[in-house]
Amino acid sequence: MNATLSHWGIAYPVVEGGRLVAMSPSADDPNHSRISDNYLDAVHSPMRIGQPMIRRGYLAGDSGAARGEDVFVPTSWEHATRVLAGHMRAIIAESGNEAIFGGSYGWASAGRFHHAQSQIHRFLNLAGGYVRSVNTHSHAAAEVVLPHIIGSQDGMADNQTPWELIVGHTELFVAFGGLPLKNAQVSAGGVSRHRVPEQLRAARARGTRFVNIGPLRDDVDAALDSEWIAPRPNTDVALMLGLAYVLDTERLANRAFLASHTVGYDEFRAYLLGESDGTPKTPEWASAITGLSPDLMRDLARRMAKSRTMLSLSWSLQRADHGEQPVWMLVTLAAMLGQIGLPGGGFGTGYAGANRVGNAPLPFSWPAFPQFSNPVRRFIPVARLGDMLEHPGAPFDYNGERHLYPDIRLIWWAGGNPFHHQQDLRRLHRVWKKPDLVVVQEPLWNAIARHADIVLPCTLPIERNDLGIAKAEPHLVAMKQVLAPAGQALNDYDILAMVGSELGLGEQFTEGRNEMDWLRHIYGESVAVAVRHGYNLPDFETFWAMGEHRFEPRIEPKALMQDFRRDPVAHPLPTPSGRIEIRSECVAGFGYDDCPGQPTWFEPAEWLGNAPEGALHLVSNQPSRKLHSQLDLGRHSRNGKIGGREPARIHPSEAGKRGIRDGDVILVRSARGSCLGGAILSNDIAPGVLQMSTGAWLDLDAEGLDRHGNVNVLTLDKPTSRLAQGPTAHTTIVFVEKFEGEAPEVRAFEPPELEYRELT
């Protein structure tokens, strides 16, 4: 059978009579993910977009007023590309390329060539450029603040202390935000073998004790027999400060390491002890904020100091108000323990957040489809899409600089779904109507397709040929096409080549190559790179016939910042001081009142400490049965729903107060919107918390209620701070009640109405 690589693993499509009937897992993967089963319903679904579509209101010149709720008119590829190219040409002539937003996100396909983000960015760069977004929804705050602390993004998604130096070395693994195995199903670019469960269990077998700090008991595998500590959500910084206070005042901090490898500890210490603000950050102070016992903090701090301790931070904790602070405080706490750079010690973010975290990478980067350079310099932080559309021309701060939001007239989206990953989706639904033209390349009628003016149907990964290899994974996969494209769907590459031809850019875009020509070209570049590092790959035809190639690991396991620890003078960090900056004079110089020059506790905009009676804190974590919102219509995803709606877990004590039973339809409200969900009562969730995963396809009724359970109609859309402008979805207070009366039917998996007429 032919293999395909996805962001959740290798699978083998089984096709009978031209129909996909199964996705067989890899026998080499003992922890394989079943997310691929969602393809079985998606490929032949009535939700497939069968041919190019144009929104009826766009044809009538409504300027976007009905965008997101309109009827679509099927048309031909020739007509759609002609209309699109003509309107795009007019916008550029009138407003320049700074009026184009190239919206895309990197999770569309694991292939190196059919990577929607690379495809659309290459096209738009050739067309004169576009306004881009910077950073990721996964860890935007960490991406910006970590370079100020340690000079790079190491220890976030790459260059972590590997599992080989955790198993048998770490005595105490303290996981702020847990180690959810469901998140480790996936990795950007693909997964060869799901290693995280076996590595964690191996560590436990070798004596590692795990501490799970977060609102969900099952965010750590039950086999690890972890200690569960559940502070109020969004109070981890206060907890870390309480721990730091114990380390400092009981002389457990490693002052020698702090003196030789860090700067700014004395200034931070003045804040910690209350000398600078009059408030000592004692365990009693932290207890009033976190709801935890002061004695628990003292005990944990002492155990951390006497053990080889790994401090881990879930990426979710920095997707909250002031999300830069838990990252900064984690590094500070690790520096106080003085174990950074040692096997089994130090810090890391994202363990179990993706399969690749903790894996040793290949010593070279695999070449990809070239994008060229973008002549337009303007950008927005990735989470500030709604602000850009609502406030064109308004100023915003970002990492020490002041910028202006552009006035966008054309949005072109290929890959990703902003009506999943943005916050306050009712607001986005409203401001999305402002641009003159929205173009979307999508295989299925999800929310982003429904919010387009021109919809260009594209293929699914198993309907095309590609090369699959993931970062920090040893497997190269020949992703061979196993199905003909559905309807008139085309590859993103062919769509953009067609539009490019209308604009006179076709030859520049394709360079005269078809799909297989590009695969041979990229593979040939990779052979040359691999040879320089001692890897000999077969020629392309041999590899394509074989279907897979496995690389042998050759990198010696190395702890994060190991060389720096050994000799900070010979191996300085790329920070202004060359050391860990517990206080950053650079950040302090920006003058941000919401992100000063050292780790600081800030009260969140919404949290249980200031919420009205009866409120719950929403934990909108990643789903277990799909990647983000991808293929939500598939059977594996839908089998996990409760009455067809997104599951909503609540502690039995909280459910009892509200008369809620297992399986009930519940109404969840916030200051921004409301949605329905299906109740699950669970002792694995802390009281005061409601857990609903993201990823349910948006399904708004006429009053703005989401019938399906898309939690981002509830979430707060404000920046983490002026430094990173990251997303703050995990800072959200909600109210929950049993839904009374007959619940409305879920319409998320029904295609929009079509109007058939001739277009010329």
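This one's a predicted model, so the numbers in the text were calculated from it and none came from an experiment. Below, all heavy atoms of this structure are taken into account, side chains as well, without hydrogens, waters or symmetry copies.
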Side-chain contact, heavy-atom cut-off 4.5 Å: Q488 with P52?
-> yes
Can Y105 and V382 be said to form a side chain to side chain contact (heavy atoms under 4.5 Å, CB included), step by step?
-> CA-CA 10 Å; Y105 214 55; V382 69; 4.1 Å; yes
Does a sphere of radius 6.0 Å around CD in E16 hold more than 12 heavy atoms from other residues, nucleotides or ligands, not counting ones at 6.0 Å or beyond?
-> no
So F419 and W432, would you call those rings parallel, tilted or perpendicular, with 30° and 60° as cut-offs?
-> perpendicular
Ion pair R55/D453, N-O distance below 4.0 Å | yes
Look at the rings of H421 and W413 and say which category their plane angle falls in: under 30° parallel, 30 to 60° tilted, over 60° perpendicular.
-> tilted
Which one of I100, I120, L410 satisfies the side chain to side chain contact (heavy atoms under 4.5 Å, CB included) criterion with V439?
-> L410
Taking only residues two or more places apart in sequence or in another chain, which ones pass side chain to side chain donor-acceptor pair (under 3.5 Å) with N710?
-> none
Which value, rounded to the nearest 0.5 Å, describes the distance between L126 atom CG and L503 atom CG?
-> 10.5 Å
Stepwise salt bridge (charged side-chain N to carboxylate O under 4.0 Å, His left out) test for R56 and E753 = CA-CA 10 Å; R56 182 173 65 182; E753 181 183 347; 5.4 Å; no
Side chains of Q630 and H420, donor plus acceptor under 3.5 Å | no
Q622 and H628 side chains, donor-acceptor separation under 3.5 Å = yes
Considering non-hydrogen atoms only, spot the tightest contact between G415 and A108 and give its length.
-> CA-CB, 3.7 Å
All side chain to side chain donor-acceptor pair (under 3.5 Å) counterparts of Q423, not counting sequence neighbours = none
Quick one: does L631's side chain get under 4.5 Å of L444's, heavy atoms only?
-> yes
Between R464 and D494, is there a salt bridge with N-O shorter than 4.0 Å?
-> no
With distance as the sole test, does S104 use its side chain to make a donor-acceptor pair with the main-chain N or O of A414 at under 3.5 Å?
-> yes
Considering the options M516, R513, E511, which one meets the side chain to side chain contact (heavy atoms under 4.5 Å, CB included) requirement together with H521?
-> R513
Quick check: does any side chain N or O of W544 sit under 3.5 Å from a backbone N or O of A478, one acting as donor and the other as acceptor?
-> no
Residues at least two apart in sequence or cross-chain that pass side chain to side chain donor-acceptor pair (under 3.5 Å) with Y12, listed by chain then number, are E548
Name the orientation class of the two ring planes belonging to W107 and H7 (parallel below 30°, tilted from 30 to 60°, perpendicular beyond 60°).
-> perpendicular
Which pair of heavy atoms, one from Q481 and one from N465, lies closest together, and at what distance?
-> N-OD1, 2.8 Å
Neighbour count >12 (heavy atoms, 6.0 Å) for atom CD, E541 | yes
The single option from N491, L496, D492, I49 that satisfies side chain to side chain contact (heavy atoms under 4.5 Å, CB included) with C458 is D492
Would you indicate whether the side-chain heavy atoms of S6 and I35 approach each other to under 4.5 Å?
-> no
Rounded to the nearest 0.5 Å, what's the gap from CH2 on W315 to NE2 on H139? Could you check?
-> 4.5 Å
Flag side-chain contact, heavy atom, 4.5 Å: P461 against H114 = no
Among pairs that include at least one residue of residues 47-87, which meet ring pair (Phe, Tyr, Trp, His ring centres under 6.0 Å), considering only residues two or more places apart or in two chains?
-> Y58-H87, F72-W445
Begin from the C-alpha positions of D29 and N31 and carry the test side chain to side chain contact (heavy atoms under 4.5 Å, CB included) through to its verdict.
-> CA-CA 5 Å; D29 190 349; N31 301 294; 4.1 Å; yes
Can you find a heavy atom in the side chain of F551 that is under 4.5 Å from one in the side chain of L537?
-> yes
Please collect all salt bridge (charged side-chain N to carboxylate O under 4.0 Å, His left out) contacts where either partner lies in residues 419-428, sequence neighbours excluded, each pair once.
-> D387-R427, E390-R427, R427-D717
Establish, yes or no, whether a centroid distance under 6.0 Å links the rings of F123 and W412.
-> yes
Does a donor on one side chain and an acceptor on the other come within less than 3.5 Å for R132 and N374?
-> no
Should the pair R48-E463 be classified as a salt bridge under the 4.0 Å nitrogen-to-oxygen rule?
-> yes
Separation between CG (L676) and CG (D701), nearest 0.5 Å, reads 8.5 Å
Taking the side chain from E502 and the backbone from V499, do they hold a donor-acceptor pair closer than 3.5 Å?
-> no
Pair R747 + D699, salt bridge at N-O below 4.0 Å | no
Quick check: does any side chain N or O of N125 sit under 3.5 Å from a backbone N or O of Q371, one acting as donor and the other as acceptor?
-> yes
Taking side chain to side chain contact (heavy atoms under 4.5 Å, CB included) as the test, write out the residues that go with D41, two or more places apart.
-> R635
When you check the gap from the basic side-chain N to the acidic O, do D632 and K641 get nearer than 4.0 Å?
-> yes
Any chance you could measure R67, atom CZ, to K433, atom NZ, to the nearest 0.5 Å?
-> 8.0 Å
Can you tell me how far CG of L476 sits from CD1 of I469, rounded to the nearest 0.5 angstrom?
-> 5.0 Å
Could you state the interatomic distance from CD1 (I522) to CG (L467), rounded to the nearest 0.5 Å?
-> 6.5 Å
Parallel, tilted or perpendicular: rings of W8 and Y39 (30°, 60°) = tilted
